[in-house]
Structures are given as structure tokens and as C-alpha cells.
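Presented below is the structure to which this report refers.
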Protein chains: 2
Amino acid sequence: MEDSRTADGGRQRPTLEMVAAEAGVSRGTASRALNGGHNVSRRAMEAVQAAAARLGYRPNLAARSLVLGRSGSIGLVVSESDERLFSDPYFATVARGVHAELMAHDVQLVLALAQTPAERERMLRWSAGRPLDGVIIISVHGADPLPGAIATEGVPVVIGGAVEGPDRDLPGLASVDADNLAGARTAVEHLVARGRTRIGHISGPLDMVVGRDRLEGWRSVVSGLPGGAPSTLSVEGDFTEASGAEAARRLLAAHPDLDGVFTANDVMARGALGALQQAGRRVPQDVAVVGFDDLPGTEGIAPGLTTVRQPVIEMGRLMARTLLMMIEGRPLAEQHAVVSTTLVVRETS
Amino acid sequence: MEDSRTADGGRQRPTLEMVAAEAGVSRGTASRALNGGHNVSRRAMEAVQAAAARLGYRPNLAARSLVLGRSGSIGLVVSESDERLFSDPYFATVARGVHAELMAHDVQLVLALAQTPAERERMLRWSAGRPLDGVIIISVHGADPLPGAIATEGVPVVIGGAVEGPDRDLPGLASVDADNLAGARTAVEHLVARGRTRIGHISGPLDMVVGRDRLEGWRSVVSGLPGGAPSTLSVEGDFTEASGAEAARRLLAAHPDLDGVFTANDVMARGALGALQQAGRRVPQDVAVVGFDDLPGTEGIAPGLTTVRQPVIEMGRLMARTLLMMIEGRPLAEQHAVVSTTLVVRETS
DNA sequence: GAGCAGGCTGGGAGCGCTCCCATGTGGAGT
DNA sequence: ACTCCACATGGGAGCGCTCCCAGCCTGCTC
């Protein structure tokens with residue numbers, strides 16, 4: 001009779017059946033007592049709760065999700081190297097927003113990495129098995145097939161960022177993005193208003209829509225300036241501090257008369273500020289700098305940095321809310337939300 | 001007959017039963033064909049695989065884990081603010097090691113945050129429901145009851161760091177830690193060998209064993225020096241760059257004759273280096289600095305920093321391997337592993 | 001005092017899967 | 001030709017839970 005499949009000393013985990021027996025009620029009543037207690041007498045209620053406590057009962061989530069068709073947890077999938085995931089405060093901030101919203105709805109959040117092709121394939125297989133009720137995917141590079149593939153499996157997907165191509169029309173796929181084009185334009189127009197005429201750009205990865213959008217915002221303004229927007233006036237970075245420093249050095253080398261820089265995020269702005277200082281340029285007198293993000297709690301990254309604020313926490317919350325709506329099958333107000341940004345002027349411009 | 005519980009257009013997800021019917025075999029044969037194919041004829045094998053592909057079959061993981069009693073995924077639980085989780089490269093590095101090992105064993109890794117008391121309670125309830133076969137917990141503060149509580153629920157736990165108190169003897173709880181005491185001692189002895197006599201310490205949080213161990217290592221050496229180890233010679237930090245800078249300023253204020261600093265991690269060393277520079281001290285001529293960690297790929301954090309290397313990736317792998325052993329019920333070579341560190345001398349000392 | 005709601009209760013059905021066992025089926029051994 | 005065994009197969013049992021429905025017992029109304 002003793003099933004010793006488990007390794008924990010042979011003691012069997014208590015099941016609902018055992019709790020019911022201990023409480024002297026049926027399985028059905030025990031289930032009701034433990035889940036809201038509708039149509040359960042006070043006596044039964046207390047007996048069941050006492051029995052559950054006595055036995056240390058914990059409902060088996062696999063059994064529950066098998067019958068419910070829901071696991072009660074959602075995934076935050078990051079298509080990014082673990083290195084950048086953990087070094088860029090952007091992800092932390094999105095995660096904070098998502099997390100805050102989910103906690104309020106009693107949904108468990110799990111993070112999962114899907115960087116290499118093998119991991120992405122495994123991620124697809126796994127999520128298709130429905131251990132998660134839905135997923136939020138951030139940091140999508142290129143024309144990544146993963147979000148669309150997961151959505152096609154019937155698992156709701158929300159993308160943090162823009163969606164291009166045919167995936168835009170998939171019913172099970174929504175997105176939340178900042179208005180990167182307008183934000184970038186505002187930043188550069190601000191530099192122009194400050195009298196700058198030689199404004200460089202340190203872009204994000206150009207295989208990401210966010211990288212291209214901010215570049216395009218910069219270009220649309222700078223190309224109207226006397227000098228135009230020669231290709232050497234924008235340098236591609238990868239959102240890391242080191243790449244920001246390197247890009248700033250290259251900008252300076254190609255354009256010694258540089259008097260303004262717009263970087264695609266604040267972390268790269270930090271790198272650029274360091275490089276400018278090393279090159280003997282004063283900020284903002286010689287070169288004015290504007291970043292992008294303005295994440296809360298990251299004043300330390302680049303003190304006094306003028307930047308374009310995107311409401312990342314609120315965006316995270318919106319992603320979570322959107323996903324929960326989709327999971328419940330409720331209609332979305334807008335499948336692809338775009339939230340606006342604000343210029344925050346400080347000392348570097 | 002049509003069950004419209006699902007929201008995905010009414011198309012029912014294919015089950016194993018349907019695949020079997022499509023392939024013209026029984027459920028049992030289909031199951032065998034899809035899992036290794038033992039005792040399955042070539043004909044049946046191919047028919048099942050074709051049918052599965054045609055229907056887009058994906059096994060339901062809840063059903064599988066219900067019968068197997070295993071979910072095939074393990075959790076990396078971080079008892080830390082999302083902010084620090086994502087800003088300290090230490091976590092990324094542990095995660096990388098854990099991840100590498102698990103991928104090789106075809107186990108899915110999920111990260112979960114458990115910072116606030118409410119989240120920790122939820123984490124306990126959740127993990128007790130066995131959605132995970134085991135958990136690795138890192139960044140444990142104080143006498144955290146969470147690891148012990150999870151282990152007591154019968155879920156194997158591996159702690160990244162040291163374990164103190166009664167939890168040490170729990171059968172379902174193991175740990176992997178660096179030899180922080182010896183590492184710290186080596187660092188400070190190195191400074192002494194360099195002729196330094198006024199060696200301060202910027203410690204980690206003292207509610208963490210790792211913080212206390214490295215402090216103790218420093219103290220054991222410094223207390224033997226002529227000036228001893230007055231309380232003002234060590235300042236508590238929280239492993240962040242800002243706290244390192246602030247601590248360095250306080251050390252300098254209390255001890256203008258400071259000629260050496262040992263910081264409990266590299267990130268704080270970076271902050272300290274900045275503060276020392278601002279205070280006009282030359283490194284290493286005026287003040288020598290030694291950090292702790294030497295994480296791969298983080299040369300950018302503090303170039304040329306002399307530091308104590310702990311093999312964090314290998315430790316992550318060891319945590320994962322240990323957990324897998326426990327899950328399989330195999331005996332552990334050592335329940336509490338301690339790995340040794342190496343001093344890496346560079347330019348700051 | 002019969003009739004009737006409405007609250008409680010027990011237990012069957014079933015979620016989708018893997019294991020197990022009884023039952024085939026062919027080829028090798030005598 | 002007969003036995004024997006290895007391989008192949010189908011389908012029942014059961015993992016632990018929630019839903020559902022029939023049946024019960026109250027307490028109330030007329």
C-alpha cells in the first residue's frame with residue numbers, strides 16, 4: 001500500500017481526499033470549503049480548515065490546472081542575453097510594473113530567458129504545453145518568429161515594443177510601446193532649440209524596431225539642418241554603457257565640431273558622458289547630451305541627464321492588464337497601444 | 001458537444017487521444033511513440049508522428065506532471081529587490097551557470113522574485129503546490145525562514161550562500177558557497193604585503209552571511225595590525241555602486257591616512273574608486289583597492305581592479321547539479337559545499 | 001400538517017496523460 | 001509441427017482536483 005515513489009521519507013503528501021476524511025466530510029465539500037466556501041456550513045468549513053492545517057495540506061497545482069485549464073501564472077520572456085537582461089535597468093523596471101499588476105490579481109509571475117535558437121525552440125514547446133496562461137515578451141530583435149508562434153499555439157502574447165509584419169494582425173497578440181519616433185524627435189528638436197547644429201546620434205541595435213524608430217526620429221529632424229544627416233553622424237550601439245562610450249569616441253573622431261548628442265537610452269548616455277569628459281569636452285557648454293528612458297530610481301546612472309521619459313512602470317502594468325484581459329477572453333480597447341513620452345530637461349543640455 | 005470554454009476561436013486543442021485516432025492506433029501506443037518509442041513498430045511510430053504534426057499536437061504539461069509527479073522545471077528564487085536583481089551582475093552570472101547546467105539536462109528554468117513578506121508567503125504556497133521540482137534560492141538575508149519552509153514542504157532546496165542555524169540539518173536543503181572568510185583574508189593580507197597599514201573595509205549588508213563573513217575575514221587580519229580594527233574602519237554598504245562611493249567618502253573622512261580599501265564586491269569597488277578619485281587620491285599610490293567577485297565579462301565595471309575571484313558560473317552549475325541530484329533522490333557528496341577563491345592582482349594594488 | 005423553497009452534502013464524471021497488464025503476433029528453437 | 005519468447009498493442013486504472021447533479025434536511029408558508 002505504501003507508495004515510496006517520493007523521496008521525502010516515505011510520508012505521502014496529503015490530498016484533498018485525505019483532508020476530507022480527516023474532517024469527516026466529502027471531497028466535494030472539502031473543495032468548496034477551501035475555495036471561497038459557498039454553500040458550506042460553518043461547521044464543515046471549520047472542520048475542513050482545521051484538518052487542512054493539521055495535515056499541512058497544499059493543493060496540487062498540476063491537478064488544479066488540469067481541470068481548470070488555467071495555471072494561474074504568466075511568463076515574462078526575455079529574448080536577450082542574460083548579461084544585458086541583468087545589467088540594463090530597463091528590464092527591472094518593466095518587470096516591476098508587470099509584477100505589481102499581477103500581484104494585485106493573484107497571478108504568479110515567472111521570468112524565463114530565451115536567447116539562443118535552441119532555447120527559443122524549447123520555450124515554444126514549453127509554453128505550448130500551457131504551464132503559463134499567457135506570456136509577455138520584451139526585447140524582441142528582428143523579425144522574431146517566437147511571439148507569433150506562441151500566439152498561434154493559442155497562448156495569449158503581449159509584446160513590449162512595436163510589432164511589424166503579419167504578426168500585427170494575429171488575434172492572440174497585442175503590444176505596448178512608447179512613441180519612440182515622437183520622443184526622439186522631441187529630444188532632437190530640443191537640442192536644435194538650444195542652438196545646436198551638429199547633433200549626433202548613438203542608436204540602439206538596428207535589428208530592433210525601437211532602435212530604428214529612435215534613429216528615424218533623430219534623422220527626421222537632423223536632415224532638415226544645414227549639414228544634413230550624413231551616415232557618420234549616427235553610430236550604432238547596443239544599449240550598453242561600453243557601446244555608448246565607444247560610439248561617442250567615434251562620433252568625435254568623425255565630427256570634431258559635434259555640439260549635441262542624442263543617445264537611444266540613458267545607459268549609453270552615461271558611457272558617452274564619460275567619453276566626452278575624457279576627450280576634454282564640457283557638457284553642456286561644448287556638447288549637449290540628451291538620453292532616453294528616465295527610469296525611476298536610476299538617477300545614479302547619469303546625474304543631471306536631460307532625457308526623454310517613457311513611463312516604463314506604467315507600460316509594464318499595461319502589458320500585464322492587457323494580457324489578463326486576453327486570458328479572460330475580453331475584448332481589448334486597442335490591440336497595439338502606444339504611450340507618449342515627455343522630455344525632461346536637466347543639466348546636460 | 002462543442003466545448004467553448006476556450007477563447008481561441010472554438011478550435012479544441014488536440015489531445016493524445018485525438019492524435020491516436022488520427023494515426024489509427026491506441027492512446028497507449030501514441031504515448032509510447034511520442035516518448036522515446038520503445039516497443040513501438042516503425043509503422044506506428046511514423047503514423048503517430050505524422051498525425052501529431054498534422055494536428056499540431058502539444059502535450060499538456062499539467063496532465064503529464066500530474067501523473068509523473070514531476071514538472072520538469074526548477075525555479076531560481078531571488079530574495080532581493082528587482083532593482084538589485086537586475087543591476088548586480090552577480091545574479092546574471094549565477095543564473096548563467098544554473099541555466100547552462102539545466103539546459104544540458106532538458107530542464108526548464110524559471111526565475112521568480114520573492115522580496116516582500118506577502119510575496120514570500122505566496123512563493124511558499126506556490127512552490128508547495130509543486131509547479132517546480134526544486135528551487136535554488138540566492139541572496140538570502142538574515143535568518144530567512146523561506147528556504148527551510150519550502151524544504152519542509154518536501155521540495156528540494158539549494159541555497160546560493162551559507163546556511164546558518166537549524167536549517168543546516170534539514171535533509172532537503174543543501175548549499176553552495178564560496179570560502180568568503182579565506183578569500184577576504186587573502187585580499188587583506190595582500191594589501192598588508194604591499195606595505196599598507198591603514199586598511200578600511202566596505203562591507204556587504206550585515207544581515208547577510210556573506211557580508212559578515214567577508215567583514216570577519218578583513219577584521220581577522222586588520223586587528224593584528226598596529227592600529228587595530230576600530231569600528232570606523234569598516235563601513236556597511238549594500239553591494240550597490242552608490243553605497244560604495246558613499247562608504248569610501250565616510251572612510252576617508254574618518255581616516256584621512258587611509259592607504260588601502262577592501263570592498264566586499266566589485267560593484268562597490270567601482271563606486272569607491274570614483275570617490276577616491278574625486279577626493280584627489282591616486283590609486284594605487286595613495287590608496288590601494290581590492291574588490292571581490294571578478295565576474296566574467298565585467299571588466300568594464302572597474303578596469304584594472306585587483307580582486308578576489310569566486311568561480312560564480314561554476315558555482316551556479318554546482319547548485320543546479322546538486323538540486324538535480326536531490327530531485328532524483330540520489331545522495332549528495334556534501335550537503336554544504338564551499339568552493340575556494342583566488343586572488344587576482346591587477347593595477348589597483 | 002402538507003408542501004415547498006433553499007441551503008448543504010456526497011459522490012460520479014472527467015480533465016489529459018503515463019503506467020501497467022492482458023492479449024495478440026511473428027520468428028526462432030527443438 | 002509445437003513450444004517459447006520477444007516484441008507490439010489496446011485499453012483500464014488512476015494521478016488530484018473541480019464541476020455538476022441528485023438527494024437530503026432544514027425551516028418556513030398557507
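It should be emphasised that the depicted structure is a prediction, and the values quoted were computed from it without experimental measurement.
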Query raised in the report: Using a cut-off of less than 4.0 Å, is there contact between a side-chain N or O of B:Thr15 and OP1 or OP2 of C:dG16?
Result: no
To the nearest Å, how far apart are [X] [atom1] and [N] [atom2]?
X: B:Arg130; N: D:dC15; atom1: CZ; atom2: P; value: 16 Å
X: A:Glu17; N: D:dC17; atom1: CD; atom2: P; value: 9 Å
X: B:Leu16; N: C:dC15; atom1: CG; atom2: C1'; value: 14 Å
X: A:Arg64; N: D:dC15; atom1: CZ; atom2: C1'; value: 16 Å
X: B:Asn60; N: C:dC15; atom1: CG; atom2: P; value: 12 Å
X: B:Leu68; N: C:dG16; atom1: CG; atom2: P; value: 17 Å

Query raised in the report: Ignoring hydrogens and angles, are the base of C:dG10 and the side chain of A:Arg32 linked by a donor-acceptor pair under 3.5 Å?
Result: yes
Query raised in the report: Where along residues 35-59 of chain A does a heavy atom come under 4.0 Å from DNA chain C, residue by residue in number order?
Result: A:Asn39, A:Val40, A:Ser41, A:Ala44
Query raised in the report: Nearest 0.5 Å, what's the OG1-CZ distance between A:Thr15 and A:Arg27?
Result: 9.5 Å
Pairs: protein N or O with nucleotides 12-14 of chain D N or O, under 3.5 Å:
from: D:dG12; atom 1: N7; to: B:Arg27; atom 2: NH2; distance (Å): 3.4
from: D:dG12; atom 1: O6; to: B:Arg27; atom 2: NH1; distance (Å): 3.1
from: D:dA13; atom 1: N6; to: B:Arg27; atom 2: NH1; distance (Å): 3.2

Requested in this report: Quick one: stems involving DNA chain C, counted as three or more successive Watson-Crick or G-U pairs, both distances short of 3.5 Å.
Outcome: C:1-30 with D:1-30
Query - Residue B:Thr29, side-chain heavy atoms: nucleotide from C:dG11, D:dG10, D:dG16 that is nearest - result: D:dG10
